2 protein chains.
Amino acid sequence: MRADILKGHLDLLLLAIVEDGPFHGYAVIEELRRRTDGAIDLPEGTIYPALHRLERAGLLTSSWSEVNGRRRRSYTITSPGKKAAREKRREWSTFALTVQRVVGAPAWPTMA
Amino acid sequence: MRADILKGHLDLLLLAIVEDGPFHGYAVIEELRRRTDGAIDLPEGTIYPALHRLERAGLLTSSWSEVNGRRRRSYTITSPGKKAAREKRREWSTFALTVQRVVGAPAWPTMA
DNA sequence: GTTGTCACCTAGGTTGACTAGGTATAGCGT
DNA sequence: ACGCTATACCTAGTCAACCTAGGTGACAAC
């Protein structure tokens with residue numbers, strides 16, 4: 001998948017993942033790949049700065065640990081982070097429905 | 001709606017509109033506003049360069065006309081443009097479903 | 001004759017993801 | 001021993017795309 005279309009949605013993806021338990025940066029990349037069967041496979045140069053930005057914004061906190069001789073920075077979602085995740089989910093929902101209205105033809109099944 | 005989250009999807013929106021008949025730039029803006037009840041309301045500085053880009057790419061063609069003493073540049077979709085629209089719709093569909101898988105909780109109704 | 005709508009344009013700024021480098025440890029194969 | 005791959009982190013600078021902020025000009029209404 002072309003990755004530039006993620007623009008503006010990356011924060012939601014990261015918050016949604018870290019919301020499901022502490023993840024370190026590298027593991028976030030793997031988890032994104034796992035949840036999407038490889039469709040979303042982002043480089044470290046995208047993920048690390050984004051996590052730093054979210055931490056600076058107070059939506060995540062991090063702590064260092066060492067596992068098998070390797071340093072890890074693990075991220076946990078904060079209370080404002082959870083709130084932001086809820087808002088961004090809502091935003092995404094609105095956005096997706098709005099695009100659908102413009103381009104017609106629902107992209108996803110509307111029947112079970 | 002914050003407009004920066006449109007990044008990468010604008011071309012699809014424009015192709016989808018012009019696909020439904022010739023539109024001039026200003027009318028595209030109005031049509032976007034109309035189809036979304038004002039949710040998507042983009043400035044001319046976004047639309048005009050985007051239409052120029054699509055024309056340079058061969059996905060649209062344009063012709064000048066004059067209506068009520070005002071110059072209009074009307075855009076029509078080309079055959080490659082229709083193909084691109086189909087591809088971008090598919091891309092959008094994939095993207096939307098993929099994001100949904102990552103963030104969980106479907107954003108749109110899955111039952112009628 | 002000023003204000004509002006229609007209708008076009010572009011140079012330059014901002015933002016956000018990516019490229020392309022770098023550091024360092026562990027494990028595997030040869 | 002040496003190289004290669006995987007794990008795990010980092011950042012400076014680039015690039016693409018959208019927006020800001022200006023500009024031109026015609027028409028209609030007050």
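Everything numeric here is computed off the predicted structure, so don't read it as measured data.
Salt-bridge check for B:Arg70 with B:Glu66: failed, with every basic side-chain N at 4.0 Å or more from each acidic carboxylate O. Look at A:Glu30 and A:Arg34 and you find no salt bridge, because none of the NZ, NE, NH1 or NH2 atoms lies under 4.0 Å from a carboxylate O.
Looking at B:Lys7 and A:Ile5, their side chains never come closer than 4.5 Å, going by heavy atoms from C-beta outward. For the pair A:Asp37/B:Arg101, a side-chain contact is recorded, criterion being any heavy-atom separation below 4.5 Å from C-beta on. With contacts defined as side-chain heavy-atom distances shorter than 4.5 Å, the pair B:Tyr75/B:Glu55 qualifies.
Note on ring orientation: taking the six-membered ring where Trp is involved, the planes of A:Tyr26 and A:His24 are parallel (angle under 30°, cut-offs 30° and 60°).
Formation of a donor-acceptor pair under 3.5 Å by the B:Thr94 side chain with backbone atoms of B:Arg90 is found in this model. No donor-acceptor pair under 3.5 Å is formed between the side chain of A:Ser74 and the backbone N or O of A:Pro22. Put simply, the side chain of B:Thr36 never gets that close to the backbone of A:Thr98: no donor and acceptor are under 3.5 Å apart.
Within the structure, a side-chain polar atom (N or O) of A:Tyr48 is placed less than 4.0 Å from OP1 or OP2 of D:dC9. The phosphate of D:dC9 (OP1 or OP2) has no side-chain N or O of A:Arg71 nearer than 4.0 angstrom.
Looking at residues 50-57 of chain A, you'll see A:Arg53 sit with a heavy atom under 4.0 Å from some atom of DNA chain C.
As a whole-Å value, the separation of A:Tyr26 OH from C:dA26 P is 16 Å. In this structure, B:Asp41 atom CG and D:dT20 atom P are separated by 11 Å, rounded to whole Å. If you take CZ of A:Phe23 and P of D:dA8, they are 13 Å apart, rounded to a whole angstrom. One atom, CG of A:Leu42, and another, C1' of D:dC9, lie 17 Å apart when rounded to the nearest Å. Atom P of nucleotide C:dG16 and atom CG of A:Leu14 are separated by 13 Å, given to the nearest angstrom. Regarding B:Leu6, its CG atom lies at a distance of 15 Å from the C1' atom of D:dA16, rounded to whole Å. Residue B:Asp11 contributes atom CG, which lies 11 Å from atom C1' of D:dA16 at whole-angstrom precision. Regarding A:Glu31, its CD atom lies at a distance of 14 Å from the P atom of D:dA8, rounded to whole Å.
Side chain of A:Lys7, nearest nucleotide from D:dT7, D:dA16, C:dC8: D:dA16. Nearest to the side-chain atoms of B:His24 among the listed nucleotides C:dC8, C:dA17, D:dT7 stands C:dC8. For A:Thr46, taking side-chain heavy atoms from C-beta onward, the closest of the listed nucleotides D:dC18, C:dA17, D:dC10 is C:dA17.
Contact annotation for A:Gly25: backbone-only contact, meaning every heavy-atom pair under 4.0 Å involves sugar-phosphate atoms and none involves a base.
Both B:His9 and A:Glu30 lie near DNA chain D, and the one whose nearest nucleotide falls closer to the 5' end is A:Glu30. Where A:Gly45 and B:Trp64 each meet DNA chain C at their nearest nucleotide, the meeting point lying more 5' is that of B:Trp64.
For the salt bridge (charged side-chain N to carboxylate O under 4.0 Å, His left out) test, residues two or more places apart in sequence or in another chain that qualify with B:Glu19 are B:Arg89.
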- Note on the structure: Once base and sugar-phosphate atoms are separated, protein heavy atoms under 4.0 Å mark nucleotides 22-30 of chain D, 5' to 3', with B, S and - as ----BB---

